[in-house]
There are 2 protein chains.
Amino acid sequence: MSTERVIHLASQVRERANALIVAELERRGAAGLAPSHGAILVQLYRQGPLPMNRLASLIGRKKNTLTSLIAKLEALGYVARQPDPKDSRVSLIAPTDQARRFRRDFEEISRLLLDKAWGAMPPDQREALVRGLEQVANNLG
Amino acid sequence: MSTERVIHLASQVRERANALIVAELERRGAAGLAPSHGAILVQLYRQGPLPMNRLASLIGRKKNTLTSLIAKLEALGYVARQPDPKDSRVSLIAPTDQARRFRRDFEEISRLLLDKAWGAMPPDQREALVRGLEQVANNLG
DNA sequence: TTGGTTTGGTTCGATGTCGAACCGTAAGGC
DNA sequence: GCCTTACGGTTCGACATCGAACCAAACCAA
C-alpha cells in the first residue's frame, strides 16, 4: 500500500517548492527573503496596502508571525507602514518602489514554479490531483 | 485555473497532518513531542538502535537537527545513547522502555491520520493522488 | 607509518513560526 | 457618557530547522 506516503509526499512537495522559491529569489537579487515574504508582496501587488491582520489570514500565518515578517520586509526596504485614517489601531502595509521593481520577478517565479511542478502532466490529471488534495485537506480540517 | 493551488494545498495538508499528530501525542500523554520526534521513534521501533546519521536520512532532516531532536528525546526519557563497538565515532540511538510503552499509540496515530486524511475516497482515487503527488515531487526535485 | 581526506556528531548563530500575555483603540450596551 | 467587550498589533519565550564551522575518529594512499 503506497497510500501511506501521502503526508510525506505533501511535505516533500512543499519543501522542494520552498527551496526553489528561495533559490530563485536569491538568484534575482532578493536575497534573505523567505517564501512567506514573497507571499506577502504578491498580496500587496494585487490588492495594494493592507492591514497586517488581513495579510495574516491571506498568507495563512498568525498575526504575531506577521509582525516579524513585516519588520524584516520593512528593514530591507520592501514595505512601508502608513496609518489607517479610519482606524488608528491598524497600520496599513504598502509596497515601496523597490518592491514594485521586483514585481515581474515574483510573477516569473510563480510561473516557473508551476511549470516545473506540473511538468508534462496533462490538464485533466492536474485537475484531478488538485481536487484530490482539496479533499484530503478538507478531511484533515 | 485552480491548478495554481497545488503548492498551497500540499502545505495545508502537511500542516494539518502535523497539527493532528501533535494533538494526538499530547492527548495520549506524550506532550512536548513534535512530528519529527514521532518519526524517529517509529524508525527505532521498526529497526532497533540506529546511528544518528542514518536517522537523519530516514526522516529527511539534517544531522545537526538530529542532534537537538535526539537531545530532547533523551531528556524526556524516550531514547538512550549506546556506543557502537564497531565505530567509536557513532552513538547508537536506542528506544527505552518508556518509548516502547508508546509504540501502540504511535501506530494508532498513524492509522488514525491516514483514515482521517483519506476519508471516504475510493482506493483508485487514492492511488491516483499518490501517483500524481510523486510526479510533482519528482518534477520539483 | 604517516599525513591527507572522509565521515559521524556537535556547536553556534540565525530564522520562521507559534502560543500566551499584554497594550491601546474601537464598538456596543446600559 | 461610562464600562465592558472585541479587535489590531506587539512582545516574549520557546522550538524545529538550517548552514557553516568545527572536532575527533576512521579510512586511505604513498
Side-chain angles (χ1 to χ4, degrees), chain A residues 11-12 14-23 25-26 30-41 49-76 78-93, chain B residues 11-12 14-23 25-26 30-41 49-76 78-93:
Chain A
S11 299
Q12 208 167 45
R14 169 192 169 270
E15 279 173 27
R16 294 184 177 183
N18 280 355
L20 189 148
I21 291 171
V22 170
L25 283 172
E26 178 160 9
L33 293 195
S36 287
H37 298 117
I40 290 172
L41 291 178
L50 290 171
M52 313 205 26
N53 216 9
R54 181 111 182 78
L55 275 174
S57 70
L58 280 172
I59 75 167
R61 298 284 168 263
K62 302 299 173 189
K63 55 181 182 172
N64 49 0
T65 300
L66 258 285
T67 296
S68 72
L69 291 174
I70 294 297
K72 178 163 197 174
L73 282 175
E74 194 180 16
L76 293 177
Y78 290 99
V79 304
R81 299 162 188 266
Q82 33 185 252
D84 183 343
K86 299 291 174 197
D87 187 337
S88 71
R89 291 172 303 177
V90 337
S91 57
L92 292 172
I93 311 302
Chain B
S11 300
Q12 207 167 46
R14 169 190 169 272
E15 279 173 25
R16 293 185 180 182
N18 280 356
L20 189 148
I21 291 172
V22 170
L25 284 173
E26 178 161 8
L33 293 195
S36 288
H37 297 117
I40 290 173
L41 292 179
L50 290 173
M52 312 203 32
N53 217 7
R54 181 113 184 78
L55 276 173
S57 69
L58 281 171
I59 74 167
R61 297 284 168 264
K62 301 300 172 190
K63 55 182 182 171
N64 49 0
T65 300
L66 258 285
T67 296
S68 74
L69 290 173
I70 294 297
K72 179 163 194 175
L73 283 175
E74 194 180 15
L76 293 178
Y78 289 100
V79 304
R81 299 163 188 266
Q82 33 184 252
D84 182 343
K86 298 292 172 196
D87 188 335
S88 71
R89 290 173 304 178
V90 336
S91 58
L92 292 172
I93 311 303

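Basis for what follows: all heavy atoms, side chains included, without hydrogens, waters or symmetry-related copies. Within every chain, numbering begins at 1; the chains are lettered A, B, ... in the order of the sequence lines, protein sequences first and strands thereafter. Values in this document were obtained by computation on a predicted structure and should not be read as measured data.
Within the 4.0 Å cut-off from OP1 or OP2 of D:dA16, not a single side-chain nitrogen or oxygen of B:Ser68 is found. OP1 or OP2 of D:dG9 has not a single side-chain nitrogen or oxygen of A:Arg54 nearer than 4.0 Å.
Regarding A:Asp84, its CG atom lies at a distance of 15 Å from the C1' atom of C:dG24, rounded to whole Å. The separation between B:Arg14 atom CZ and D:dT17 atom P is 8 Å, rounded to whole Å. Atom C1' of nucleotide D:dA21 and atom NZ of B:Lys63 are separated by 11 Å, given to the nearest angstrom. Atom CG of A:Asp87 and atom P of C:dG24 are 16 Å apart (whole Å). As rounded to whole Å, 18 Å separates atom P of D:dC7 from atom CE of A:Met52. For the pair A:Ile59 CD1 and C:dG16 P, the computed distance is 11 Å after rounding to whole Å. In this structure, B:Lys62 atom NZ and C:dT10 atom C1' are separated by 17 Å, rounded to whole Å. Between the C1' atom of C:dG9 and the CZ atom of B:Arg89 lies a distance of 10 Å, rounded to the nearest Å.
Residue A:Glu74 qualifies as enclosed at atom CD: its count of foreign heavy atoms under 6.0 Å is above 12. When the shell of 6.0 Å around CD of A:Gln82 is examined, it contains more than 12 heavy atoms from other residues, nucleotides or ligands.
What you find for B:Arg81 and B:Thr67 is that their closest heavy atoms are NH2-O, 4.4 Å. Across A:Ser36 and A:Leu69, no two heavy atoms sit closer than the pair CB-CD1, 3.8 Å.
Map A:Gly60 and B:Val90 each onto its nearest nucleotide of DNA chain C; the residue landing nearer the 5' end is B:Val90.
Among the heavy atoms of the strands, none lies under 4.0 Å from A:Leu66. Residue contacts shown for A:Ser36 are limited to sugar-phosphate atoms, with no base heavy atom under 4.0 Å away. Using a 4.0 Å heavy-atom distance criterion, A:Ser88 is classed as a sugar-phosphate-only contact. Residue A:Thr67 is classed as a base contact, given a heavy-atom separation below 4.0 Å to a base.
Listed nucleotides D:dT11, C:dG9, C:dT25 differ in distance to B:Asn53; the shortest reach to its side chain belongs to C:dG9.
Side-chain to base pairing of A:Arg61 with C:dT17: no donor and acceptor N or O lie closer than 3.5 Å to each other. At a cut-off of 3.5 angstrom, the base of C:dG19 holds at least one donor-acceptor pair with the side chain of A:Asn64.
Using a 4.5 Å heavy-atom cutoff, the side chains of B:Leu33 and B:Leu73 are in contact.
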